[in-house]
There are 2 protein chains.
Amino acid sequence: MITSGTTTVRLTAKGAATRLRIVEGAAAEIRERGAATTTLDDIRARTATSKSQIFHYFPGGKDELLLAVAALEAERILEDQQPHLDDLGRLDTWQAWRDWRDAVVRRYERQGVNCPLGVLMTELGRRTPASQRLTGQLLAQWQSALRDGVRCMQGSGLMDPALDADRTAAALIAAVQGGVTVLMATGSTAHLEAALDTTLELLGRFDAE
Amino acid sequence: MITSGTTTVRLTAKGAATRLRIVEGAAAEIRERGAATTTLDDIRARTATSKSQIFHYFPGGKDELLLAVAALEAERILEDQQPHLDDLGRLDTWQAWRDWRDAVVRRYERQGVNCPLGVLMTELGRRTPASQRLTGQLLAQWQSALRDGVRCMQGSGLMDPALDADRTAAALIAAVQGGVTVLMATGSTAHLEAALDTTLELLGRFDAE
DNA sequence: GCCACTGTGGACCTGCTGGTCCATTTTACG
DNA sequence: CGTAAAATGGACCAGCAGGTCCACAGTGGC
């Protein structure tokens, strides 16, 4: 059973599977080829479904499907950073920060141009008010996790307590986002690494740890 | 006289003016509404031209026009940062860096979502191999200007000589780019400012100046 | 003032894309 | 089983975007 907008539809196991297949296929197609150029027919072909199925599971049409894809990608972005980044505040040692940094960089090195974050922020996120809200939430949640990490480090005397934790978290997000955007344009992770490393290294300059 | 691809066409003064009007109108339209949703008809309406004119000046069709727009925007991005950033290496004092930072932030505050950089990197830049080369060149030129600034500061003993100047420049570009991308998604310049300020402040921590 | 070339207008064509519709098959469940 | 609801297949439609074409007007050099 799933609710979309005002209507509620019952889904059988088979139906749920099909719906999932469509969303994931659409997400993959969009990551590979961009949202702008991906058509419903591409998705249909990739997921071995018919037109009617797409509109059956997403009565709102393409917009609704793309919103579902955006939600999936937003989830994936946070998941990818687990367990470095969770409610328990695992970013509590320099090693943890380094691990997080490595996880981010390695992931984008492997994925190259096809990254959820880039697609979400630069293509899906701006499409509709609903998807804008979604990206806003993602950003807020992500930033709050990083902020908690900074606060934790400050609490342990490992980072300068004079730093504005929230602002620092925002800077880190911008660094990742900028690195990813450049990656998508050039195919190189150099900027991503430079931005993350520079910021982290300078954060660590507070003491000798 | 203008060369496009293999063909060369002579332009009268009137022709050159029309061509310019089309490119600039297209650029403005795209900045406001995004490249994905801007149609030739929109451009036609805005620039008071006919279909045949667009194809007369851009025989390659939409791709060629968008490439011209990308080139225009790339130029504008560097121009916007003049005279902070030029071949003479004006980034030679902390005040100059602060001025540059202010120029960047103020510009995007005023422009809001409609920024050349964002559109170029996230929409135009990925369209064709030609536009990819173009964004690559922009990035290289920009980074080299910033790198010269860092080197200059290092030479004067104002920045840590141990820093890799090129890497630092890359980090700054990623910071701006990330800030802009977030700006386009959320409408807020908070991340842009946080990223720039954090990076610059930490760069300045080397000495007390 | 003539002639060739450039500039302009706009009708028209075509393919693609999102979206609709309905007939048919499959599933859930009493 | 039997039936209602869910799932599926795919033909069909309408609009729109990019692109072509041709007729005509404007311009510039000789």
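Scope of the values below: all heavy atoms of this structure, side chains included, with no hydrogens, waters or symmetry mates. We name chains A, B, ... by the order of the sequence lines, and we start the count at 1 in each one.
C/dG9 atom C1' lies 14 Å from atom CG of B/D41, rounded to whole Å. The separation between A/K62 atom NZ and C/dG19 atom C1' is 12 Å, rounded to whole Å. Counting to the nearest Å, the P atom of C/dT17 and the CZ atom of A/F58 are 20 Å from each other. Note: CD1 (B/I54) to C1' (C/dG10) measures 13 Å, nearest angstrom. Atoms CG (B/L40) and P (D/dG19) sit 7 Å apart, rounded to a whole Å. For the pair A/H56 NE2 and C/dT26 P, the computed distance is 16 Å after rounding to whole Å. Between the CZ atom of B/F55 and the C1' atom of C/dC12 there is a distance of 14 Å, given to the nearest Å. The interatomic distance linking A/R44 (CZ) with C/dG19 (P) rounds to 15 Å, in whole Å.
The aromatic rings of A/W94 and A/W97 lie tilted to each other, with the angle between the two planes from 30° to 60°.
Taking the side chain as every heavy atom from C-beta outward, A/W142 and A/L117 approach each other to under 4.5 Å. Counting heavy atoms from C-beta outward, B/L138 and B/E75 have side chains that stay 4.5 Å or more apart.
Not a single donor-acceptor pair, N or O on each side, falls under 3.5 Å between the base of C/dG9 and the side chain of B/K51. Looking at B/T18, its side chain has no donor and acceptor atom pair within 3.5 Å of the base of C/dG7.
Of the possible donor and acceptor atoms, none in the side chain of B/E32 sits under 3.5 Å from a partner among the backbone N and O of B/N114. B/Q154 places a side-chain N or O within donor-acceptor distance of the main-chain N or O of B/L163, the cut-off being under 3.5 Å.
The phosphate of C/dT8 (OP1 or OP2) has a side-chain N or O of B/Q53 nearer than 4.0 angstrom. Residue A/Y57 places none of its side-chain N or O atoms closer than 4.0 Å to OP1 or OP2 of D/dA6.
Checking C/dG7, C/dG10, D/dG9 against every side-chain atom of B/S50, the shortest atom distance belongs to C/dG10.
Both B/K14 and B/S52 lie close to DNA chain D; mapped to their nearest nucleotides by heavy-atom distance, the more 5′-ward contact belongs to B/S52.
Looking at heavy-atom distances under 4.0 Å, B/T12 makes contact with sugar-phosphate atoms alone, never a base.
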